[in-house]
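Chain letters run A, B, ... following the sequence lines, proteins first and then strands; every chain starts at 1.
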Amino acid sequence: MTDRLTIATWNINSVRLRLPIVEKFILEQAPDVLCLQETKCPDANFPEAAFRKLGYPHIAINGQKGYHGVATISRRPLANIEKRGFCDKGDARHIAVDVAFSDSPLRVHNFYVPAGGDEPDAAINPKFGHKLDFMAEMKAWLNGAETERPAVLVGDLNVAPYEHDVWSHKALLKIVSHTPVETELLEAIRSHGGWIDAMRRFVPMEEKLYTWWSYRARDWAAADKGRRLDHVWVSPPLADRLKAMRVLRAARGWDKPSDHAPVIAVFEE
DNA sequence: ATGGTCGCGTGGCGA
């Protein structure tokens with residue numbers, strides 16, 4: 001008996017404003033699980049009915065007013081919902097669930113890592129310090145038991161780790177999201193847990209790969225000054241089940257777009 | 001060219 005599961009991750013920058021294109025994405029791609037970031041929506045105002053109508057009755061949300069917020073919506077039942085706080089802040093930046101896949105539960109972590117502000121110096125920019133502290137807590141937690149079982153870690157990690165995850169490695173070395181302290185720390189989280197970078201398993205390291213294009217560009221597609229800020233990681237026990245990955249770049253050009261494109265991963269047992 | 005554009009929610013913050 002084979003099972004097939006698709007998981008999508010998308011920073012949608014307001015779930016309420018973006019509802020029309022989230023619906024378009026669901027109708028086109030029909031992922032089994034959709035992990036959203038930057039929902040910018042208190043839990044009481046989350047548009048659950050719209051997702052139920054589209055065939056996603058299982059909804060786990062961790063939202064707050066105005067900022068941040070993550071949600072995992074699913075066609076399959078969700079269990080063991082966990083919302084972890086980081087850095088002793090009230091920020092809504094993580095939610096984890098179990099989803100049935102083949103004969104065992106699959107842990108799905110959905111993350112929205114702090115962006116870190118503009119100045120890449122923790123001494124003068126507390127937001128950058130918060131980002132590094134947040135990532136240090138991720139490193140301490142996301143290994144051992146968390147990666148010895150089938151697990152996926154997705155979301156907007158706000159770091160483009162490799163040379164060809166940005167349009168110009170040289171131009172961005174001092175730009176938050178691609179500084180050595182961030183890229184080395186993200187790599188440390190990943191390797192410490194044994195996580196596998198699912199996107200780079202399908203795209204060679206020498207090939208450009210982006211998931212985000214700034215709103216500020218006059219013509220984002222022509223300039224194509226992107227960064228790979230969104231990620232899909234899989235734990236070693238799940239590695240052999242990873243079958244495909246796709247960045248839906250077209251969604252960046254839809255009506256009233258998010259500045260992030262969705263990433264879809266396919267698993268087969 | 002150190003600008004530029006978004007979303008939240010109504011003045012400025014965060015991205």
(request) Nearest whole angstrom, please: distance from the P of B:dA15 to the CZ of A:Phe134. (result) 12 Å
(request) Identify whether any heavy atom of A:Arg93 sits under 4.0 Å from a base atom; if not, whether one sits that close to sugar-phosphate; answer base, sugar-phosphate or nothing. (result) sugar-phosphate
(request) Return the minimal non-hydrogen interatomic distance between A:Thr183 and A:Ala160, and the atom names on each side. (result) CG2-O, 3.5 Å
(message) Taking only the P atom of each, what is the distance from B:dT2 to B:dC13 in whole angstrom?
(response) 23 Å
(request) Mind running side-chain hydrogen bond (donor to acceptor under 3.5 Å, both in side chains) on A:Glu182 and A:Ser177 for me, showing each step along the way? (result) CA-CA 7 Å; A:Glu182 293 167 89; A:Ser177 75; 5.7 Å; no
(message) Between A:Arg216 and A:Lys65, which residue's closest nucleotide on DNA chain B lies nearer the 5′ terminus?
(response) A:Lys65
(request) Report the distance from atom CZ of A:Arg16 to atom C1' of B:dC6, rounded to the nearest whole Å. (result) 16 Å
(request) Nearest whole angstrom, please: distance from the C1' of B:dT5 to the CZ of A:Arg218. (result) 13 Å
(request) Please report, rounded to the nearest Å, how far the P atom of B:dG14 is from the CD atom of A:Gln64. (result) 12 Å
(request) Test side-chain hydrogen bond (donor to acceptor under 3.5 Å, both in side chains) on A:His109 and A:Glu146 and set out the steps. (result) CA-CA 10 Å; A:His109 290 280; A:Glu146 295 299 326; 3.2 Å; yes
(request) Applying side-chain hydrogen bond (donor to acceptor under 3.5 Å, both in side chains), name anything that partners A:Trp212, two or more places apart in sequence or on another chain. (result) A:Asp259
(request) Considering only atom P, compute the distance from B:dG3 to B:dG7 and round it to an integer number of Å. (result) 23 Å
(message) For B:dC6 and A:Lys256 - does any side-chain N or O of the residue sit under 4.0 Å from the phosphate oxygens OP1/OP2?
(response) no
(message) Quick check: on DNA chain B, is the nucleotide nearest A:Tyr67 upstream (toward 5') of the one nearest A:Lys40, or the reverse? Name the residue that is more 5'.
(response) A:Lys40
(request) Please report, rounded to the nearest Å, how far the C1' atom of B:dG12 is from the CG atom of A:Asp118. (result) 15 Å
(message) Would you measure the distance from the C1' atom in B:dC6 across to the matching atom in B:dT10 and give it in whole Å?
(response) 16 Å
(message) Using the C1' atom as the point on both nucleotides, what is the distance between B:dG12 and B:dA1, in whole Å?
(response) 26 Å
(message) Starting the side chain at C-beta, find the nucleotide from B:dG7, B:dG9, B:dA15 nearest to A:Ser14.
(response) B:dG7
(message) Suppose you measure atom P in B:dG14 against the same atom in B:dG9; what distance do you get, rounded to whole Å?
(response) 15 Å
(message) Could you tell me how far apart A:Asn11 (CG) and B:dC6 (C1') are, to the nearest whole angstrom?
(response) 12 Å
(request) Could you tell me how the ring of A:Phe25 sits relative to the ring of A:Trp254: parallel (under 30°), tilted (30 to 60°) or perpendicular (over 60°)? (result) tilted
(request) Let me know the distance between CG of A:Asp230 and C1' of B:dA15, rounded to the nearest Å. (result) 13 Å
(message) Of the listed nucleotides (B:dC8, B:dG9, B:dT5), which one gets closest to any side-chain atom of A:Leu17?
(response) B:dC8
(message) Please confirm whether the shortest side-chain N or O distance from A:Lys127 to OP1 or OP2 of B:dG14 is below 4.0 Å.
(response) yes
(request) To the nearest Å, give me how far apart CD (A:Glu38) and P (B:dT5) are. (result) 19 Å
